[in-house]
Amino acid sequence: MNANIKTLDERQDFIVCNKKDNRAIKCDKNSLEGSVSQRACVYCGARVVLNPITDAVHIVHGPIGCASYTWDIRGSLSSGEETYRNSFSTDLREDDIIFGGEKKLAAAIDEITEKNRPKAVFVYSTCVVGVIGDDLEAVCRIASEKHGINVIPVQSTGFAGNKAMGYRAACEALMRLMETENAHSPDVTRAAKQPEGNLINILGDFNLAGEIWIIKNYLREIGIDVVSKITGDSTIEEIRKAPAASFNIIQCAGSMGYLGKLMKEKYGLPFIKISFIGVEDTVKSMLRIAMMTKNPEIIEKAEEFTEEQASITEFQLGKYRDRLRGKRAAAYVGGGFKAVSLIKQLKDLDIKPVLIGTQTGKKEDYDNIRELTDEGTIIVDDSNPTELEHFIKTQKADFLIGGVKERPLAYKLGIGFCDHNHERKHPLCGFEGAVNFAKEVDASVNSPVWRHIRTKI
Amino acid sequence: MKNKRNFTNLNVNPCKMCMPMGAAIAFKGIENAMMLLHGSQGCSTYIRRHMARHYNEPIDVASSSLSEKGTVYGGAANLKNGLKNVIRLYDPKIIGIATTCLAETIGENIDMIIREFIEEENLNDRHFVPVSTPGYGATQFEGYFQAVRKIIEYLTEETKPNNSINIIVPNITPAEVRFIKDVLKEYEVEYNLIPDFSETLDAPFAYSFSKIPPGGSSFSNIKRAAGARATVEISKLADKAVSPGEYLNDTYKVPLYRCSIPIGLQNNDEFLRILSEVTGREIPDRFAKERGRMLDAMIDSHKYNSEIRAAIFGEPESVYAASRMCLENGILPALISTGSKTSRLQSLLQKQEEMNNLHETPVIIDDTDFETIRELVKQLDVNLLIGHSDGKFITERDGIPLVRYGFPVNDRIGSQRIMFAGYEGSTRFLDLLTNTYLDRKYTTYRNRIYAKYAS
Ligand code: SF4
């Protein structure tokens with residue numbers, strides 16, 4: 001074991017020291033009990049994917065905690081309704097656990113549909129529901145018929161796998177939504193006949209701090225229109241129309257790759273995986289999207305647009321690059337695709353990635369990560385505070401990129417931090433995002449506080 | 001009294017969290033302790049995330065990461081392995097094992113599993129404290145006291161009487177716990193303060209970071225509690241069944257005094273009176289001056305305060321303390337609410353003298369949600385919100401300012417340092433309430449009056 005750390009034996013296979021040991025990295029497994037994994041659960045995976053659908057009611061069928069901790073969990077913005085920012089829970093109590101929660105759930109759906117007339121209802125199952133055996137399918141089917149709206153069960157029982165399973169459950173729920181007869185409204189068929197193929201869906205962007213709007217604006221610049229945003233700032237109606245697009249672009253492949261596959265099978269929609277994190281990937285993605293349309297005009301526009309934007313951004317990044325050159329970065333993020341983009345972005349800023357980890361990365365993500373990082377970079381799957389602390393120290397990281405739970409750890413270790421998670425309030429995607437990222441890293445890494453914490457009275 | 005919630009079958013925007021969250025906070029206040037949640041991975045991650053945002057401290061809580069297999073065939077193997085790994089990684093002297101909804105529903109026999117584990121691994125030098133905290137059973141408020149009580153139940157035994165006093169603290173901020181310790185120092189009394197998260201959840205920056213931060217109630221102190229002179233339990237709302245002080249009283253005959261969080265004039269008076277009684281010492285001089293300054297402040301702001309119509313929400317204990325402070329200052333607590341189930345809030349507040357002399361009777365409601373609170377806030381024409389951060393959603397929609405108080409305050413910096421206890425802290429709290437109200441009044445009154453009389 002080259003990584004040389006006193007962690008648990010069972011964890012050793014999940015850690016590699018790049019290009020020094022050539023073992024395959026173990027990943028995509030259940031978390032090790034007692035290791036203090038940073039992962040959430042199946043339900044959480046499903047909820048974060050579906051929650052940004054703005055006009056849906058999201059009912060968490062379970063005890064209160066699950067709903068409480070995920071109320072308004074994503075900082076996704078809406079251009080219209082705000083229904084999604086409420087947390088609905090059946091708030092199961094002891095009696096419901098003993099006698100079953102189906103009746104309460106049915107009554108809950110009735111109550112909310114009668115009162116609020118939502119466009120659709122998603123019903124999430126949680127751990128307990130999986131055990132007491134409530135028949136979500138049946139309850140939802142009956143409610144659907146009764147109210148004439150989509151009431152879609154999301155099979156997200158918490159213990160049945162990890163967060164990635166929740167992504168799958170969410171993708172399945174989205175497919176159901178598309179499969180309703182509404183998908184063949186006149187609107188959609190008209191759209192489907194557009195020959196140029198410049199109508200697309202964006203999958204896997206959740207409109208954190210308005211990111212999907214930024215991407216949409218870019219696409220408009222080159223003559224591409226978005227049929228359906230999935231799921232950032234989306235509506236039920238909009239998602240139903242998705243099959244009418246010419247192709248899908250998938251931003252967060254970890255969560256939405258599966259939907260892309262399903263839509264391809266069912267509706268014949270091709271997809272490409274893209275990323276708008278960092279200048280390099282943004283440019284590449286724009287060009288690839290343009291190529292997909294086979295429309296010379298669009299391609300030309302894309303070339304012009306990206307060239308212009310990249311040079312403006314390049315100019316803005318210049319001053320940060322000087323301040324960041326040679327810094328050492330640790331990153332612990334959710335999905336593998338994001339990690340890959342981040343590495344490129346870091347390198348573009350002349351920052352050295354020394355520790356890269358993900359919660360739910362797949363083998364191919366790790367292959368890419370290995371490819372892109374230097375010898376000696378530590379790569380870790382489903383890590384925990386002990387390992388992160390150890391590697392941050394031994395790898396002499398100057399800052400950590402991560403989420404809320406990782407932030408205090410970075411600070412206690414006396415290094416900078418960049419928040420790359422749900423709750424941030426500024427966009428990190430596209431050209432402006434690249435500048436924001438550099439600015440944030442600079443603000444943290446080059447803050448005067450680090451000098452003072454090394455002083456004594 | 002109207003329904004407790006607008007929706008009968010739905011909790012819309014919860015004003016509560018689940019029991020294991022409370023247990024996690026309690027265990028952070030014990031020296032060299034770690035907590036493992038027996039259940040699926042998600043619960044512990046959520047709780048860590050929530051706590052990390054409030055305390056701005058790394059919060060490590062382990063999970064037995066139950067999977068499908070463990071759920072169907074029982075989670076003993078997961079739990080034992082989880083404990084083993086926690087010991088290897090953290091080397092704690094005490095491990096709290098709190099159950100989640102899942103573990104409770106599949107009917108895990110935790111006590112037995114732990115007994116087996118201790119035997120198999122030959123681990124007599126470590127303590128394992130199982131706490132039953134089904135998320136569906138109650139809220140973080142009860143979970144907290146339940147855990148404190150279990151810790152005491154597990155670690156105490158009949159012992160020689162000693163001169164110390166026990167202080168049981170509720171879910172207040174680390175800074176407030178430090179304040180209480182300061183007060184005890186003034187009394188020059190030996191004490192056992194349980195749980196003590198004043199250092200562990202607000203650790204000073206140090207170059208040598210330790211995964212289990214130093215501090216917390218020590219074993220010897222907890223053990224000594226059984227022979228203490230008295231217990232002062234800073235909670236009037238905790239039910240007898242989960243009250244640690246009641247346990248010490250029932251089991252070891254340690255006399256029990258219960259008081260509210262020392263926030264507000266009367267609550268501070270009571271707290272000091274009780275301390276004087278149990279220690280046999282006069283109230284230290286320092287407090288006379290601080291009290292006098294608070295009185296001065298109360299006079300300064302009383303007329304403004306009479307214009308405030310407050311809605312108070314959060315855990316029963318903090319809601320009670322704030323309500324009492326509002327009442328004594330002529331702030332109308334138009335809505336007094338909590339997501340926990342309790343009849344005590346109502347009965348205790350009814351005893352409050354000012355309640356008889358109000359223009360309007362406050363609405364007191366328990367087991368409620370924010371959907372209901374928001375509607376009542378509108379109906380009752382509330383102009384100031386007092387409670388934890390989730391109230392921000394009312395501010396955002398209806399523009400009513402929120403004074404952040406209670407748990408969690410997770411959208412602002414420095415929540416671990418909020419200090420509203422004592423006469424000085426209460427004065428600061430009171431000023432903050434008044435000024436938050438004034439800020440809104442002064443920025444809007446010109447337009448309001450113009451609209452009313454001149455447009
Ligand atoms: S309510 Fe139950 S299942 Fe949900 S987070 Fe709390 S303990 Fe876990």
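First the proteins, then the strands, lettered A, B, ... as listed; each starts at 1.
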Worked check of salt bridge (charged side-chain N to carboxylate O under 4.0 Å, His left out) between Asp96(A) and Lys104(A):
CA-CA 8 Å; Asp96(A) 306 311; Lys104(A) 196 170 189 185; 3.1 Å; yes
Any side-chain donor paired with an acceptor under 3.5 Å for Ser31(A) and Arg39(A)?
yes
Just checking, any donor-acceptor pair under 3.5 angstrom between side chains of Tyr84(A) and Ser76(A)?
no
Of the listed Pro63(A), Ser35(A), Ala410(A), Ser37(A), the one with the largest count of heavy-atom pairs under 4.5 Å with chain B is Ser37(A)
Option that, when pairs with chain B are counted at under 4.5 Å, heavy atom only, ranks first among Gln38(A), Glu94(A), Lys412(A), Lys103(A)
Lys412(A)
Contact origin within Met34(B) toward chain A - heavy atom pairs under 4.5 Å:
side chain
Check whether Thr8(B) gets within reach of chain A through its side chain, its backbone, both or neither, counting any heavy atom under 4.5 Å.
both
Part of [X] lying under 4.5 Å from any heavy atom of chain B:
X         : answer
Asn116(A) : side chain
Ile97(A)  : side chain
Ile112(A) : both
Ile98(A)  : neither
Asp9(A)   : both
Glu389(A) : side chain
Lys115(A) : side chain
Asn30(A)  : side chain

If you take the centroid of each ring, where Trp contributes its six-membered ring, are Phe313(B) and Phe370(B) closer together than 6.0 Å?
yes
Quick one: are the ring centres of Phe393(B) and His388(B) less than 6.0 Å apart?
no
Determine which residues belonging to residues 52-60 of chain B lie within contact range of chain A, meaning some heavy atom pair is under 4.5 Å apart, and list them by number or answer 'none'.
Ala52(B), Arg53(B), Asn56(B), Glu57(B), Pro58(B), Asp60(B)
Sort out for me which of [options] touches chain A most, counting heavy-atom pairs under 4.5 Å.
options                                   : result
Asp390(B), Asp369(B), Thr100(B), Ile47(B) : Asp390(B)
Cys43(B), Gly135(B), Ser63(B)             : Ser63(B)
Ser208(B), Gly39(B), Ser67(B)             : Ser67(B)
Gly82(B), Ala206(B), Gly137(B)            : Gly82(B)
Val86(B), Val61(B), Thr71(B), Leu37(B)    : Thr71(B)
Thr105(B), Leu36(B), Asn13(B), Leu102(B)  : Asn13(B)

Axial cation check for Tyr90(B) ring with Lys211(B), 6.0 Å and 45° limits
yes
Closest approach of Thr99(B) to Pro20(B) (non-hydrogen atoms, all atoms of both residues)
O-CG, 3.7 Å
Kindly indicate, with the supporting measurements, whether the criterion side chain to side chain donor-acceptor pair (under 3.5 Å) is fulfilled by Asn86(A) and Glu371(B).
CA-CA 9 Å; Asn86(A) 295 299; Glu371(B) 155 79 20; over 6 Å; no
With sequence neighbours left out, what residues match Lys16(B) under salt bridge (charged side-chain N to carboxylate O under 4.0 Å, His left out)?
Asp91(A)
What verdict does the side chain to side chain donor-acceptor pair (under 3.5 Å) test give for His147(A) and Asp110(A), after you've listed the backbone C-alpha separation in whole Å, the side-chain angles of each residue and the deciding distance to 0.1 Å?
CA-CA 8 Å; His147(A) 300 290; Asp110(A) 288 350; 2.7 Å; yes
Rounded to the nearest 0.5 angstrom, the CD1-CG distance for Ile110(B) and Leu79(B) is 5.5 Å
Classify the angle between the aromatic ring planes of His50(B) and Tyr69(A) as parallel (below 30°), tilted (30 to 60°) or perpendicular (above 60°).
perpendicular
Ring-plane angle category for Tyr43(A) and Tyr124(A), please: parallel below 30°, perpendicular beyond 60°, tilted otherwise.
perpendicular
Mind checking whether Phe27(B) and Ile95(B) have side chains closer than 4.5 Å, heavy atoms only?
no
May I ask you to decide whether Arg88(B) forms a salt bridge with Glu10(A), counting only side-chain N to carboxylate O separations under 4.0 Å?
yes
